[in-house]
Amino acid sequence: MPELPEVEVVRRGLADHVVGRTVAAAEVTGTRVARRHVPGPEDLVARLPGAVVESARRRGKYLWLVLRHDGGSREALVLHLGMSGQLLVEAADAPDERHLHARLHFRDGDPQLRFVDQRTFGGLHLDELTDDLVPQTIGHIAPDPLEPAYDRAATVRRIKARDSAVKRILLDQTVVSGIGNIYADEALWRARIHGERLGSALTRPAIGRLLDAATEVMTEALGQGGTSFDALYVNVNGASGYFDRSLAAYGQEGKPCPRCGTPIRRSTFMNRSSFFCPRCQPVPRSRRPSG
DNA sequence: CCACGTTCCTGGAAGC
DNA sequence: TGCTTCCAGGAACGTG
């Protein structure tokens, strides 16, 4: 599932293959992929031709292309991969994918850019840019740990202030962005913290170590090209990541904890799977069944 | 503002 | 074999 490292790999692919090119035409099939584009898919398609792609940017799991129009105005084409979205850079004569939802043609010809998404949680929309070149509609998304705007101390304070399970807070993109279920579990394992402990019950240094663990695991994954499980995530050139070989906890139910050998356990939390080492990451007393 | 459950979606896997 | 059910989860949204 695309989390920060996977989305960054895609961003780099866009920077290499799309930035500097001029859109010739756009296609959007179906309405769902552009559901966040309020004026509708026809408007989206009509506004793209002639736009020059100036840069490919990212905050957390959100991607956007900065577009410059004739006359110098700028706007953002915001892209979100959801669970299963892929951006593919391909020749025009490559056969259409089964779940192809949108396509950009460029004035210089091949390759074209395709948005393919099986589970349709992803989408794209046009948006105004604020002064710092961040789209307006993602103003509520917090900086991610790999960007200069990330404020570690402020993030520690926000987590400490919340009476909520710390895994839920890690997954809250308005607190810190880019972390999904996989890297949340990996960060919690590295920091030896159970995800159901309350943010307010952790010490500030422990919260800091947890954030640093998240930063570290995502940086390592990025170095290896991202994580992939079922081939739904493919980078902009179609090559899968392989960080899944390095996961210590996520998806490792029954396998020995790499640190202490205790079998990794799986539990359901927030209607999601959580994987943890019961010895390194003891379940908080308040969450244990009484008696 | 905060906490947190529900909802959207598809198709492979698991269960019967 | 074939049908049904489960499961994966990002993030907007509604409720209290």
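Below, all heavy atoms of this structure are taken into account, side chains as well, without hydrogens, waters or symmetry copies. Chain identifiers are assigned alphabetically (A, B, ...) following the order of the sequence lines, protein sequences preceding nucleic acid strands; residue numbering begins at 1 within each chain.
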Inset, instruction - Round to a whole Å and report the spacing from CG of A:L171 to P of C:dA8. - result: 14 Å
Inset, instruction - Nearest whole angstrom, please: distance from the C1' of C:dG9 to the CD of A:Q173. - result: 12 Å
Legend entry - Any A:H99 side-chain N or O less than 4.0 Å from OP1/OP2 of B:dG11: yes
Inset, instruction - Provide, to the nearest angstrom, the distance between the CG atom belonging to A:D172 and the P atom belonging to C:dG10. - result: 13 Å
Legend entry - Separation of C:dG10 P from A:I169 CD1 (nearest whole Å): 17 Å
Inset, instruction - Could you check which of B:dG11, B:dC8, B:dC4 has an atom nearest any side-chain atom of A:R32? - result: B:dC8
Inset, instruction - Mind calculating the distance between CG (A:L100) and C1' (B:dT10) to the nearest angstrom? - result: 16 Å
Legend entry - Spacing between A:R58 atom CZ and C:dG10 atom P, to the nearest angstrom: 15 Å
Legend entry - Interatomic distance, A:H80 NE2 vs C:dG9 P [rounded to whole Å]: 15 Å
Inset, instruction - Give a yes/no answer on whether the side chain of A:R168 brings an N or O atom under 4.0 Å of OP1 or OP2 in C:dG10. - result: no
Inset, instruction - Answer with base, sugar-phosphate or nothing: what part of the nucleic acid does A:D117 contact at a heavy-atom distance below 4.0 Å? - result: nothing
Inset, instruction - Output the distance between atom CG (A:L170) and atom CG (A:L211), rounded to the nearest 0.5 Å. - result: 6.5 Å
Legend entry - Separation between CG of A:L124 and CH2 of A:W64, rounded to the nearest 0.5 Å: 15.0 Å
Inset, instruction - Compare side-chain N and O positions of A:Y62 against OP1 and OP2 of C:dA12 and report whether any pair is under 4.0 Å apart. - result: yes
Inset, instruction - For C:dG9, take OP1 and OP2 only and decide whether either is under 4.0 Å from a side-chain N or O of A:S84. - result: no
Legend entry - A:K61, nearest nucleotide to its side chain (from B:dA3, C:dA11, C:dA8): C:dA11
Legend entry - Phosphate OP1/OP2 of B:dC8 contacted by A:R35 side-chain N/O (<4.0 Å): no
Inset, instruction - Please round to the nearest 0.5 Å and tell me the distance separating atom CD1 of A:I182 and atom CD of A:E6. - result: 6.5 Å
Legend entry - Whichever of A:R158 and A:M270 has its nearest DNA chain B nucleotide further upstream toward 5': A:R158
Inset, instruction - Kindly say if A:R36 contacts the phosphate of C:dA12, meaning a side-chain N or O under 4.0 Å from OP1 or OP2. - result: yes
Inset, instruction - Return the 5'-most residue of the pair A:R272, A:R162 with respect to DNA chain B, ranking by each residue's nearest nucleotide. - result: A:R162
Legend entry - Side-chain donor-acceptor contact under 3.5 Å, A:Q173 with A:H140: no
Inset, instruction - Measure the CG-CD distance between A:L100 and A:E90 for me, rounded to the nearest 0.5 Å. - result: 8.5 Å
Inset, instruction - Verify the stacking flag for A:F121 against C:dG9: centroid separation must be under 5.5 angstrom and the ring planes must differ by under 30 degrees. - result: yes
Legend entry - Euclidean distance, atom CG of residue A:L81 to atom P of B:dC8 [Å, nearest integer]: 22 Å
Inset, instruction - Check whether any side-chain N or O of A:Q118 sits under 4.0 Å from OP1 or OP2 of B:dG11, and answer yes or no. - result: no
Legend entry - Gap separating the NE2 atom of A:H37 from the CG atom of A:L77, nearest 0.5 angstrom: 9.5 Å
